[in-house]
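Hydrogens, waters and symmetry mates are skipped; everything else that's a heavy atom, side chains included, is used.
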Amino acid sequence: MFNAGGVFRVSMCGQEQIEQISRDGSHYSLSNAVLPSLGARSNRRVRLRRFIISPYDRRYRFWETFLVVLVLYTAWVSPFEFGFLEKPAGPLAIVDNVVNGFFAIDITATFFVAYLDTTTYLLIDEPKKIAWKYVSSGFAFDVISTIPSELAQKMSPAPFQTYGLFNMLRLWRLRRVSALFARLEKDRNFNYFWVRCAKLICVTLFAVHCAGCFYYLLAARYHDPKKTWIGASMNNFLEQRLWIRYVTAMYWSITTLTTVGYGDLHAENTREMIFDIFYMLFNLGLTAYLIGNMTNLVVHGTSRTRRFFRTDSEGLQQQETLDSLPKAIRSSISHFLFYSLMDKVYLFRGVSNDLLFQLVSEMKPEYFPPKEDVILQNEAPTDFYILVTGSVELLVLKNGTEQVVEEAKTGDVCGEIGVLCYRPQLFTVRTKRLSQLLRLNRTTFLNIVQANVGDGTIIMNNLLQHLKDLKDPIMEGILLETENMLAHGRMDLPLSLCFAALRGDDLLLHQLLKRGLEANESDNTGRTALHIAASKGSADCVLLLLDYGADPNSRDSEGSVPLWEAILGSHEKVIKLLLDNGADISSGNVGHFACTAAEQNNLGLLKEIVRHGGDVTCPKSNGTTALHVAVSEGNAEIVQYLLNQGAEMDRPDIHGWTPRDLADQQGHEDIKDLFQSCKEPKTQSVISIPEQKRSIHFLGGFTSEPTICHVPHEVSSPAADASWSHNRPRRRISNFHNSLFGIMSAARRGDKDSLLSVNKTSISVNGRVYPPRVTIGCPEKGEVTGKLVLLPTTFDELLGVGKQKFGIVPSKVLSREGAEIDDIVLIRDGDHLIFVSECGREEQRNHNKGDCGINGCSVG
């Protein structure tokens, strides 16, 4: 089993074999499969090829059980027909042939039943392999045993044409009964004692029946009937009723088996004597087998020390057997036995599957007899236990007497407070009856948790919450001591910044940050400690994280930023801290924020997003906007507000639905009226938040320990001024962006640290003035796309630029719409200008009237 590649085969066996257990929990026989690990069960079904039957299917199991009943009939009738009948009997022959028909059906079905490969322990469902295995094993005997006796008698040679002789081949079917008893002995639904007794009774009755039939056959076929064992006491016995002859034969057989016979029926000729000799020798072995088995059953059933023996001996052997297995198989066994139990333990609620699987693999199952101490009060905390079966009591010694504090049930933990809180065990743990517990060593536990920092945080949080929920004065004292140890970093459990932020413990947070933990570390969802502190409204923790370099604009997997968390919780102090340190709500998924507010029908939350510079018209990743959600919710007030902010009523999502379509489909008449009255989308007013350089904060005393004075580490990371030439915004031409407010918003998005001022024709950045850019074109010279230039300071200089670029003497400067521009102050950043010469006036006039083919430029 463990030769080259053996470990792989066995490791797969544990998984596949357990998956193949039928839904009714049937068990395997040691003769043809590996037992599922310590009684593990699974409802998973193996996928086989079409028309292939699983040997563990409930319906096929029922069919096998039905055939076993027919086998019992065959076991009685075959010796009977061989010994007592010379020709077929009407009713009996019909029943025989019906039974043979059922076994013929089973022969056909066997070609479609998958089998278990003894090398890989996988179900083989290839029809060719199934057929070859069956044909090369018992197929021939199965076919022969189903041939009708009448046909076999005619086909047999003359010396073998005795009716019933061929029927003896049908005893080949008895192997099914043996397999049935092997399964029942391992089935927890049946009592082993009574199954074993039933098997012994069946063996005895079959032996008595066969011996009586064979012994009668010797007398019936002897040439002188009077010189036989039955003829000596019963004249003309061949003429007696069949029932009388059968009972007499059984009487002789049972008296011979029990060695009390031969007072009235005894051997009369040599053949009978020889048969008696072998039969009595067989009886010696059968009697010894029966007595030995019954004695063993009675002793084991009545012994008072059996449970203790199983606890100390068999339990130890079981653990030694498990330890000798490869780790993959051992882990699989432990997983299927105890994983569901461990998953319900309060201490591990919410931890990852990986950690739970590692813990289950390292736990040692142990049996304890009744009234045995598992943990002693005040002993060193080296292990803790989880109760699997049985019952244990938690006792405490007070005034020299033991008092029961609590009785643990399945799934409860014992000794975990001593292990995790670094203190002597609080209670004596004593079993009330035979109990099975899982033991986990403290060192092993800490080693596993050290590699899973996030899970260690969850475990400690579960423990502290459990101590708080107990509402016991003793436990409250332990809780305070434990929290004090945590705050001073005196525990070996790996704790994350998220744990400290969740508890609002700024002292513990500072201890962890001083150890070198990254301020921007996140959990598996991208959520940082700053997210948690902001959502909790813990200003001290937020301030501390920012001072250690936490990113105020970090995004989690859903696009949430700390500022959004603070806005959701209405934590104004935290909001101000984040804004002062460069937080920008636009760094997050503003579309998701706006949709969330609309789903909650919270107009105030939408206004908060706008107040902090967020664009509530932005879509989510699927194209859905807040306006879509508001229409679906039927909230006309929010719809009106979003329309005022510039939301587009005809903007489709990824499914092609627009807010207008949703309003029509859902029949919101008031919203449809709003859409009808809103001919053009209104522009969104964005309130600019003044940017400030990141300030340096100094922490005073920590809230979790007011008596401690602390001068924190000073952290300063002012943002460097960016060059305007690298961050000049590229804006679209629209009425909004050509406005004063639009230029301020666009410039602010381009460089957050620049102080920006705007007049009619220029932009000032940090005291330096930059002229706006315009696009110039001359249709007369074929310049349709235009050229981008800086706007001169005077109108004459602008005409000189047109002469230089296009080689004409411009007399007019027109706007894109054809309006004449006569002063430089009328031109704005991003405008499109068209130069017209003296000779081209007439053509331009015709162009404006639509009589000319000249195309103006539309570059923005």
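Tested against W564, the residues V590, I609, N589 include a single side-chain contact (heavy atoms from CB on, under 4.5 Å) partner, I609.
For the 3.5 Å distance criterion, the side chains of T617 and Q645 fail to qualify, holding no donor opposite an acceptor. For the residue pair Q358/D354, the side-chain donor-acceptor check at 3.5 Å is not satisfied. In summary, the side chains of N447 and T444 do not present any donor paired with an acceptor at a separation below 3.5 Å, with no hydrogens or angles considered.
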**OP:** Carefully, step by step, assess D551 and L530 under the rule side chain to side chain contact (heavy atoms under 4.5 Å, CB included).
**Re:** CA-CA 8 Å; D551 182 8; L530 190 59; over 6 Å; no
**OP:** Check the pair F427 / E406 against side chain to side chain contact (heavy atoms under 4.5 Å, CB included), numbers first and verdict last.
**Re:** CA-CA 10 Å; F427 309 107; E406 184 183 355; over 6 Å; no
**OP:** Go through the steps to decide whether L605 and L568 satisfy the test side chain to side chain contact (heavy atoms under 4.5 Å, CB included), and finish with yes or no.
**Re:** CA-CA 8 Å; L605 190 56; L568 279 177; 3.7 Å; yes
Subject >> Check against side chain to side chain contact (heavy atoms under 4.5 Å, CB included), M363 and L440 >> reply: CA-CA 5 Å; M363 286 202 159; L440 184 59; 3.7 Å; yes
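When side chains are defined from C-beta on, P562 counts as touching H531, because their heavy atoms get closer than 4.5 Å. In this structure, the side chains of L545 and T528 stay at 4.5 Å or more apart for every pair of heavy atoms. Looking at heavy atoms from C-beta onward, I417 lies out of side-chain contact with H466 at the 4.5 angstrom threshold. Here the side chains of V388 and L337 are not in contact, with every heavy-atom distance at 4.5 Å or above. Counting heavy atoms from C-beta outward, E648 and L627 have side chains that stay 4.5 Å or more apart. No side-chain heavy atom of N581 sits under 4.5 Å from any side-chain heavy atom of V542. Taking the side chain as every heavy atom from C-beta outward, V429 and L394 approach each other to under 4.5 Å. Within the 4.5 Å cutoff, the side chain of V392 has heavy atoms near those of the C414 side chain.
A donor-acceptor pair is defined here as one N or O able to donate and one able to accept, closer than 3.5 Å; such a pair exists between the side chain of N462 and the backbone of L347. Between the D412 side chain and the L387 main chain, no donor and acceptor come within less than 3.5 Å of each other. Between the side chain of D547 and the main chain of L544, no donor-acceptor pair closer than 3.5 Å is present. Of the possible polar contacts, none joining the T658 side chain to the D650 backbone as a donor-acceptor pair under 3.5 Å is found. Under a 3.5 Å cut-off, the side chain of D383 and the backbone N or O of R439 do not form any donor-acceptor pair. A donor-acceptor distance shorter than 3.5 angstrom exists from the side chain of H628 to the backbone of R651, with no hydrogens or angles considered.
Atoms CZ and CD, on R527 and E565 in that order, are 4.0 Å from each other to the nearest 0.5 Å. To the nearest 0.5 Å, atom CD1 of residue I458 and atom CD of residue Q465 are 14.0 Å apart. Considering CD1 of I386 and CE of M342, their distance stands at 4.0 Å, rounded to 0.5 Å. Here L438 contributes atom CG and F338 contributes atom CZ; the two are 5.0 Å apart, rounded to the nearest 0.5 Å. Going from atom CG of L603 over to atom CD of E608 covers 11.0 Å, rounded to the nearest 0.5 Å. Note that SG of C595 and CG of L606 are 9.5 Å apart. Values are rounded to the nearest 0.5 Å.
The shortest non-hydrogen separation linking L563 to I585 is CD2-N, 3.6 Å. Residues A626 and A598 approach most closely at O-CB, 3.7 Å, considering heavy atoms. Annotation for L426 and V396: closest pair O-CG2, 4.4 Å, computed over non-hydrogen atoms. Residues G415 and I375 approach most closely at CA-CD1, 3.9 Å, considering heavy atoms. The two atoms that bring Q666 and V631 nearest to each other are OE1-O, 3.5 Å, heavy atoms only. Between A566 and I575, the shortest heavy-atom distance links the atoms CB-CG1, 3.7 Å.
Under a cut-off of 6.0 angstrom, the local environment of NZ in K620 is crowded, with over 12 non-hydrogen atoms contributed by other residues, nucleotides or ligands. Around CD of E637, the count of heavy atoms belonging to other residues, nucleotides or ligands within 6.0 Å does not exceed 12. Under a cut-off of 6.0 angstrom, the local environment of CD in E599 is crowded, with over 12 non-hydrogen atoms contributed by other residues, nucleotides or ligands.
Residue pairs meeting the salt bridge (charged side-chain N to carboxylate O under 4.0 Å, His left out) criterion with at least one member in residues 337-353, sequence neighbours excluded, do not occur.
The ring pair (Phe, Tyr, Trp, His ring centres under 6.0 Å) test applied to F384 returns F445, not counting sequence neighbours. Under the ring pair (Phe, Tyr, Trp, His ring centres under 6.0 Å) criterion, H335 pairs with Y339, F357, not counting sequence neighbours.
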